[in-house]
Amino acid sequence: MAGISVIRVSGKHTKDIFTKITNKKPEHMRATYTGFYSANALEIDAGVALFFAGPNSYTGEDICEFSVHGSPAVVEMMLERAFELGARQAQPGEFTKRAYLNDKLDLTQAEAVADLIESVSTKTAMAAKRSLSGEFSNRVNKLLGDVTKIRALVEATLDFSDQDLDETKHPEALISATRETKESFQALIRQTRTGIRVRDGLVITILGKPNVGKSSLFNRICGSDRAIVNSKAGTTRDIVSESISIDGFPIRVLDTAGIRESEDEIEQEGIKRAIEAGDSADMVIEVLDARDRTNETLQSENTLVFNKSDLLEEPTKTDPKSTHLVSAKTGEGVDKLLDHISSYFSESSEDETTITARKRHMRSIKEAYSAFCDAEAGIIKNKELDLVAEDLLQAQNNLAEVTGEFSTEDLLEAIFNSFCIGK
């Protein structure tokens, strides 16, 4: 139950439904306080009615909205009246899907609507808003335009190879253009990777041997005593998870069992799960005892955290880019570790450039990049230009999948079925 409920109608019968429910003539973008009436002229409720004439509306169709009191009984009567007049319940994401089909939004903007609704942090919401405004689409379309120009030049070379045209006499210019576009591809891949992290959040797994302070560090990062801390080795048997926000970005932190040789079957299962969690994580924090620098690390790419700095007899220094000296007990050094985690969300220091993106975007962009690299190799090696043109066409189609210029019904169903019904 809410104070206000909004009932939205879109489609060709919207004007008729508006008139019969309010007994008033709809006017574009004119909010009217009015009664809402049943078929036998009884007033169901009174509230604000608003009408948008297509194509100047969210969906591109005629739309009306009735703001009524949030009583379930009132909402039910209003819906029944709308259904009597020919309306039906919207499918998940149907309003946004209609906006996409009517060219009010492209597919990345439509997905950004869902991202904005689902945002759980300030940075995610702002990044989704930038995607909704078209920033991500513009980056993809700019790259698509560059690929199209190169393909046009290749096609011209094919069609007029026997003629004395300036456009077909400069292979070096073509190679230079592919080099610049390749760099643009790589920049877009980096931006998309960051956008996925902003939308989905970063999964961080804390690994290490028993009794190095993994659970203490987990609690310090999360700001709560979620994990049991005990001096007895092997206290943590299963994975403990906590969702937090660091500098406005979503993070899921996993505390895991200490990795060691064990005869205990339950502990063995915990260790197995810890290793699996590390393999699937975006970032692994490997915790070691700062007093013992002879320990071998599990993997060289892990972020190394030397804990228990408060127990060191003499101060020591570490390189903050690759290792961190902290005390989970006192909090010393933890802020620098959090700064390191936050840096994973941005390839640059400009938060204003961050957008939200999805794994399907990355898949299509990488496929486009692979096809483009094949085309570049063909140009350099003087392969048949019709094969080069085919690779460039494939790159174009893959990029067009991102914004929905080239899409399938199955893809659209998968995207819009994840929306809430009212959007």
Any side-chain to backbone donor/acceptor pair from Asn307 onto Val212? Under 3.5 Å, distance only. yes
Can you see whether Ser131 engages Gln109 through a side-chain donor-acceptor pair at a distance of less than 3.5 angstrom? no
Are the charged groups of Glu401 and Arg363 less than 4.0 angstrom apart, N to O? no
Starting from the C-alpha separation in whole Å, work towards a yes-or-no answer on salt bridge (charged side-chain N to carboxylate O under 4.0 Å, His left out) for Arg81 and Glu84. CA-CA 5 Å; Arg81 179 62 175 142; Glu84 287 173 359; 3.3 Å; yes
For this output row, return yes or no: ring centroids of Tyr58 and Phe95 closer than 6.0 angstrom. no
Nearest non-hydrogen partners of Val48 and Ala31, listed with the distance: CG1-CB, 4.0 Å
Given Lys209 and Asp289, is the salt bridge (charged side-chain N to carboxylate O under 4.0 Å, His left out) satisfied, shown in steps? CA-CA 9 Å; Lys209 294 180 180 180; Asp289 193 322; over 6 Å; no
Could you go through Arg139 and Glu135, starting from their C-alpha distance and side-chain angles, then the distance that decides it, and tell me whether this counts as salt bridge (charged side-chain N to carboxylate O under 4.0 Å, His left out)? CA-CA 6 Å; Arg139 296 175 197 180; Glu135 285 194 28; 3.5 Å; yes
So, for Phe185 and Phe372, is the gap between ring centers shorter than 6.0 Å? yes
Criterion salt bridge (charged side-chain N to carboxylate O under 4.0 Å, His left out) on Arg88 and Glu94, from CA distance to verdict: CA-CA 12 Å; Arg88 61 168 174 79; Glu94 186 169 0; 2.6 Å; yes
So, Lys381 and Glu376, do they make that salt bridge, N to O below 4.0 Å? no
List the steps, then state whether side chain to side chain donor-acceptor pair (under 3.5 Å) holds for Thr14 with Asp62. CA-CA 6 Å; Thr14 299; Asp62 287 345; 5.7 Å; no
Between Glu61 and Arg98, does at least one N-O distance fall below 4.0 Å, as a salt bridge requires? yes
Tell me whether the rings of His324 and His340 are parallel (<30°), tilted (30 to 60°) or perpendicular (>60°). tilted
Counting only heavy atoms from other residues, nucleotides and ligands, does the tally under 6.0 Å from CZ of Arg360 exceed 12? yes
